Amino acid sequence: MSHQGSVSHESPSPSLRLGYACVNHALGNEGRSDRTCRLANATPERLEELSQSNLKGLRRVLAWNAQNDFRVFRMSSDLIPFASHPETQWGWREALAAELRQVGHDAHNYGMRLTMHPGQYTVLNSSKPNVVTSAIAELSYHADLMDLMGLPLSSKIILHVGGVYGDKHRAKRQFRESFADLPDNVQSRLVLENDERNYGAEDVIELCSALEVPMIFDDLHHRAYAGEPPSQTLLADILETWDNQVDGRPKLHFSSQRPQARAGAHADSVDAEEFRRFVETLPTTEVDVMLEAKAKENALFDLVRDLIASSR
DNA sequence: AGGTGTCAAGTATTA
DNA sequence: TAATACTTGACACCT
């Protein structure tokens, strides 16, 4: 198993690729792309300054990733602070168009897949209409950002299903109805992820099949929800939701349980043996795996090192 | 410079 | 009723 070797965006490497989320430790402040401010002092000038700074930081991180041959990265949703907030509309789409195109160009040249994962406040199936309205605005921000960057449709926006509200069947129907109201550019990038409490893998497969969107499988969430590792059949069914020609290769989330912590809490690093077993359960290694570990890029370095060491 | 209360937003669980 | 956790601490004000 190796994520190394040259990777071109035209013909993806046949081997598994690893990615990490939002924060790069090696670059420190130079690589920050999630600077923000308080709503109370969010002037258009301040927001543009922060956004420009974040985009610069992101470009440095992408260059660093490419140098280290990491071709999968999750961008911070704070890239453009308050981008979807109704009180802070400052025309970021127009003001940042040139810079966004530049960053997207970098990603393209590096053959790097970029994704995003909006926060827990983005709830499409809420019973409160204003919550749904702001969720749609937030998702539009994500999709517009990716469009302005010129990213391919394999750059996905990952979302959880949301709340249950005491009636999961109803809540699922609400999700499907809200999905139908989404702009096309959101629909074509949205993917759904299983969570650890409300919507298990089976629930999400059902929704994904109905909506014809791919599913992100999160291994740690699944183990917290189901109390056992995924079966080969389950993973095969999940990978079936991906149309590789359109959506790119299937993407999965993997992390290890933080010891002595709540079930589902992310550990600092990834256990190589657990990871190896997980990969062996997959029907193919032609996938991208996002490691959700506190140690960020160092978890990737360590995992690759451990895998190489144990394969000798 | 360092300490710390507070921060856009939702939901479900636990105390 | 309030604190907590999520994917994640950082901002902003105070001394």
Side-chain angles (χ1 to χ4, degrees), chain A residues 19-25 28-29 31-43 46-47 49-50 53-54 57 61 72-90 115-142 156-168 170-171 174-175 178 191-200 216 218-221 224-225 251-258 260-268 270 289-297 299:
Chain A
Y20 65 104
C22 304
V23 173
N24 174 293
H25 287 143
N29 279 336
R32 280 202 50 198
S33 56
D34 62 349
R35 297 185 58 210
T36 184
C37 66
R38 295 289 183 254
L39 178 60
N41 40 30
T43 62
R46 181 76 179 130
L47 290 171
E49 182 190 318
L50 287 164
S53 165
N54 286 341
V61 172
V72 182
F73 184 70
R74 179 191 300 168
M75 297 189 282
S76 168
S77 290
D78 286 335
L79 203 61
I80 317 294
F82 299 100
S84 74
H85 196 284
E87 289 168 37
T88 54
Q89 291 310 307
W90 52 281
T115 62
M116 296 183 90
H117 191 357
Q120 63 267 37
Y121 304 112
T122 308
V123 183
L124 261 190
N125 75 340
S126 176
S127 42
K128 302 169 193 163
N130 61 316
V131 172
V132 178
T133 304
S134 51
I136 293 175
E138 179 72 356
L139 291 168
S140 293
Y141 148 59
H142 284 77
K156 296 300 185 189
I157 301 166
I158 296 137
L159 191 69
H160 291 290
V161 179
V164 173
Y165 314 99
D167 184 346
K168 194 186 269 192
R170 223 175 87 100
Q174 181 59 58
F175 188 94
S178 294
V191 297
L192 296 181
E193 177 184 348
N194 58 304
D195 66 67
E196 64 201 54
R197 254 203 306 270
N198 299 332
Y199 293 92
I216 296 261
D218 185 298
D219 181 72
L220 186 63
H221 287 160
Y225 185 96
K251 185 165 165 291
L252 306 111
H253 291 177
F254 190 87
S255 46
S256 291
Q257 170 66 42
R258 172 175 289 271
Q260 338 257 283
R262 173 192 56 79
H266 299 279
D268 292 339
V270 172
V289 180
M290 173 77 47
L291 300 187
E292 292 180 327
K294 301 268 185 194
K296 299 299 176 181
E297 82 273 17

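Model, not experiment: these values are computed from the prediction.
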How many Å lie between [atom1] on [X] and [atom2] on [N], as a whole number?
X        : N      : atom1 : atom2 : answer
A:Arg258 : C:dC6  : CZ    : P     : 9 Å
A:Arg46  : C:dC11 : CZ    : P     : 8 Å
A:Asn198 : B:dT11 : CG    : P     : 11 Å
A:Asp34  : B:dA8  : CG    : P     : 16 Å
A:Asn125 : B:dA9  : CG    : P     : 20 Å
A:His266 : C:dC6  : NE2   : C1'   : 8 Å
A:Arg74  : C:dT8  : CZ    : C1'   : 10 Å
A:Met290 : C:dT8  : CE    : P     : 12 Å

For the side chain of [X], counting heavy atoms from C-beta on, which of [options] is nearest?
X        : options               : value
A:Arg32  : B:dA12, C:dA10, B:dA8 : C:dA10
A:Glu138 : B:dA9, C:dT7, B:dG10  : B:dA9
A:Phe82  : B:dA8, C:dC11, B:dG10 : B:dA8
A:Val123 : B:dG10, C:dT8, B:dA8  : B:dG10

Original post:
Nearest nucleotide by nearest heavy atom, which residue falls closer to the 5' end of DNA chain C, A:Arg35 or A:Cys22?
Top reply: A:Cys22
Original post:
How long is the gap from CG on A:Leu192 to NZ on A:Lys156, to the nearest 0.5 Å?
Top reply: 11.0 Å
For [N] versus [M], give the span between their [atom1] atoms, rounded off to a whole number of Å.
N      : M      : atom1 : result
B:dA8  : C:dC13 : P     : 12 Å
B:dA1  : C:dT7  : C1'   : 31 Å
C:dT8  : B:dG2  : C1'   : 23 Å
C:dT4  : B:dC7  : C1'   : 16 Å
B:dG5  : C:dA3  : P     : 14 Å
C:dA12 : B:dA9  : P     : 16 Å

Original post:
Looking only at N and O atoms, is any donor in the side chain of A:Arg38 or the base of B:dT6 less than 3.5 Å from an acceptor on the other one?
Top reply: yes
**OP:** Kindly indicate whether the side chain of A:Glu292 and the base of C:dT8 share any N or O donor-acceptor pair separated by less than 3.5 Å?
**Re:** no
**OP:** Could you check whether the rings of A:His160 and A:His117 sit parallel, tilted or perpendicular, using 30° and 60° as the cut-offs?
**Re:** tilted
Would you please confirm or rule out a distance under 4.0 Å between OP1 or OP2 of [N] and any side-chain N or O of [X]?
X        : N      : answer
A:Lys128 : B:dG10 : no
A:His221 : C:dT7  : yes
A:Ser84  : B:dA9  : no
A:Tyr121 : B:dT11 : no
A:Asn41  : C:dA12 : yes

**OP:** For side-chain contact (heavy atoms from CB on, under 4.5 Å), just list the numbers for A:Glu87 and A:Phe82, CA-CA rounded to whole Å, side-chain angles, deciding distance to a tenth of an Å, and then say yes or no.
**Re:** CA-CA 9 Å; A:Glu87 289 168 37; A:Phe82 299 100; over 6 Å; no
Original post:
With a 4.5 Å limit on heavy-atom distance, are the side chains of A:Tyr165 and A:Asn125 in contact?
Top reply: yes
Is [X] touching bases, backbone alone, or none of the nucleic acid, heavy atoms closer than 4.0 Å?
X        : result
A:Cys37  : sugar-phosphate
A:Ser134 : nothing
A:Glu196 : sugar-phosphate
A:Val23  : nothing
A:Asp78  : nothing

**OP:** Say whether, by atom type as modelled, one donor and one acceptor occur between the side chain of A:Asn54 and the main chain of A:Arg35 under 3.5 angstrom.
**Re:** yes
**OP:** Over all heavy atoms of both residues, which pair between A:Ser33 and A:Ser76 is shortest? Give the atoms and the distance, please.
**Re:** O-CB, 3.9 Å
Subject >> Side chains of A:Ser178 and A:Gln174, donor plus acceptor under 3.5 Å >> reply: yes
**OP:** Write down the partner of C:dT8 under the Watson-Crick or G-U wobble criteria, each distance required to be under 3.5 Å.
**Re:** none
**OP:** With a 3.5 angstrom cut-off on both distances, give the Watson-Crick or G-U wobble partner of C:dT15, or none if there isn't one.
**Re:** B:dA1
